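Because the structure is a prediction, the values reported are computed rather than measured. Just the heavy atoms: all of them, side chains too, but no hydrogens, waters or symmetry mates, feed the values below.
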Amino acid sequence: MWKIGFVLVSLSQKLFRNIGPRVWYFAYGANVDPGTLTVRNIKVFASVPYLLKDYKLNFLHPGHMKGHAFADVNYEPGEEVFGILHKISIFDLWRLDFFELGVFFRRHKRISIRTDNKFFYLYQGTESIPNLKPAKAYYDAICKAYEGSGFKSFSHQKALEKIETLDFLPKERREHVFTKPTKYFPVEWVKAYDRMIGKMIAYLYPHKILGERSGKKSK
């Protein structure tokens, strides 16, 4: 179902050539790097650096490997998160739903925000696990985008400074990241399918973002 839905949305994008409504999408984490959207074939019509108020950056969203985290945001009054507002087509927003697994697997949920006379969407993780760490290449890409933006945010800077990174990207995969055991299918089938989806999603990130080797952040 996931694959069929993704193919249909991607086909619509090509047939209509992104003609139609355009929306704003707030990117943070790896998606501040244009290379990530390029790999995903997302056409960006405009980009604007932006500080999202009353949200806080965290690294509690579990990755595919044990102990590994991706960036996430949570609502917290008084805090700020740096990101980039991208104007994209409605077709690419639907495609992002599949990339962010917000349709079937519920790894993320898409929420809408109206603030500062702006209306946009962002993706928020549905699972939080403490004591996780991001890969250094991933963390460095986020810091580089923030430092190059010209924005200064005390709360965002403070959130970044508290983060420790992984020396190496873990090799041990988490089980049932995307699928859960079911009585209708053998457990080994479910595990194999889960591993396959994990590899496919990892492929959609630029290698320089995830990387296999990373070092601990110097303070």
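A continuous path of hydrophobic side-chain contacts links L15 to W94 [ILVMFWY only; heavy atoms under 4.5 Å]. Side-chain heavy atoms closer than 4.5 Å link hydrophobic residues (I, L, V, M, F, W, Y) into clusters, and following such links, possibly through other members, connects W24 to Y28. Residues L11 and I90 fall within the same hydrophobic cluster, defined by Ile, Leu, Val, Met, Phe, Trp and Tyr side chains chained together at heavy-atom separations under 4.5 Å. Under a hydrophobic-cluster definition in which Ile, Leu, Val, Met, Phe, Trp and Tyr are linked whenever side-chain heavy atoms come within less than 4.5 Å, directly or via other members, F45 and L122 are assigned to different clusters. Both L51 and L57 belong to a common hydrophobic cluster when Ile, Leu, Val, Met, Phe, Trp and Tyr are linked at side-chain heavy-atom distances under 4.5 angstrom.
Contact check for F98 versus R95: no side-chain heavy atoms found under the 4.5 Å cut-off. Residues D97 and R110 meet the side-chain proximity criterion, which asks for heavy atoms closer than 4.5 Å. Between L160 and Y146, some side-chain heavy-atom pair lies under the 4.5 Å cut-off. E79 has its side chain out of reach of V81: every pair of non-hydrogen atoms, C-beta onward, lies at least 4.5 Å apart. With a 4.5 Å cut-off on side-chain heavy atoms, L166 and H68 count as touching. By the 4.5 Å heavy-atom criterion applied to side chains, L52 and I113 are counted as neighbours. Looking at L85 and S47, their side chains never come closer than 4.5 Å, going by heavy atoms from C-beta outward. At a threshold of 4.5 Å between non-hydrogen side-chain atoms, the residues V48 and I84 do not count as touching.
Side-chain atoms of Q124 come within 3.5 Å of backbone N or O of V73 as a donor-acceptor pair. No donor-acceptor pair under 3.5 Å is formed between the side chain of D116 and the backbone N or O of K118.
Note: F70 and Y138 have perpendicular aromatic rings, judged against thresholds of 30 and 60 degrees for the angle between ring planes. Ring geometry for H61 versus H108: interplanar angle of 30 to 60°, hence tilted. Using cut-offs of 30° and 60° on the angle between ring planes, the pair F82 and F151 is tilted.
How far CD of E76 is from OG of S155: 9.5 Å, rounded to the nearest 0.5 Å. From I88, atom CD1 reaches atom CD1 of I42 across 6.0 Å, with rounding to the nearest 0.5 Å. A distance of 7.5 Å separates OG in S128 from CG in N74, rounded to the nearest 0.5 Å. Rounding to the nearest 0.5 angstrom, the gap separating the OG1 atom in T165 from the OH atom in Y139 is 7.5 Å. Separation of atoms CZ (F26) and CD1 (I111) is listed at 10.5 Å; rounding is to 0.5 Å.
Of all the heavy atoms in A71 and I142, the pair that sits closest is CB-CD1, 4.2 Å. Nearest heavy-atom pair, P130 versus L60, reported as atom, atom and distance to 0.1 Å: CA-CD2, 4.0 Å. When all heavy atoms of V32 and A141 are compared, the pair lying nearest together is CG2-O, 4.2 Å.
In this model, a donor atom of one side chain and an acceptor atom of the other lie less than 3.5 Å apart for N31 and E100. Side-chain polar atoms of T126 and R107 form no donor-acceptor pair below 3.5 angstrom. No hydrogens or angles considered: nothing links the side chains of D72 and Y123 as a donor-acceptor pair under 3.5 Å.
Under the salt bridge (Lys or Arg N to Asp or Glu O under 4.0 Å) criterion, the residue pairs touching residues 52-71 are K53-E80, K66-E172, with sequence neighbours excluded.
If you look at Y25 and F120, their ring centroids are not closer than 6.0 Å. Between F99 and F6, the distance from one ring center to the other falls under 6.0 angstrom. For F119 and Y121, the ring centers are positioned less than 6.0 Å apart.
Partners of S149 under the side-chain hydrogen bond (donor to acceptor under 3.5 Å, both in side chains) rule, at least two apart in sequence or in another chain, do not exist in this structure.
Put simply, the residue from Q13, K43, R40 that forms a side-chain hydrogen bond (donor to acceptor under 3.5 Å, both in side chains) with D92 is Q13.
Salt-bridge formation is detected for the pair R174/E127: a Lys NZ or Arg NE/NH1/NH2 atom is positioned less than 4.0 Å from an Asp or Glu carboxylate oxygen.
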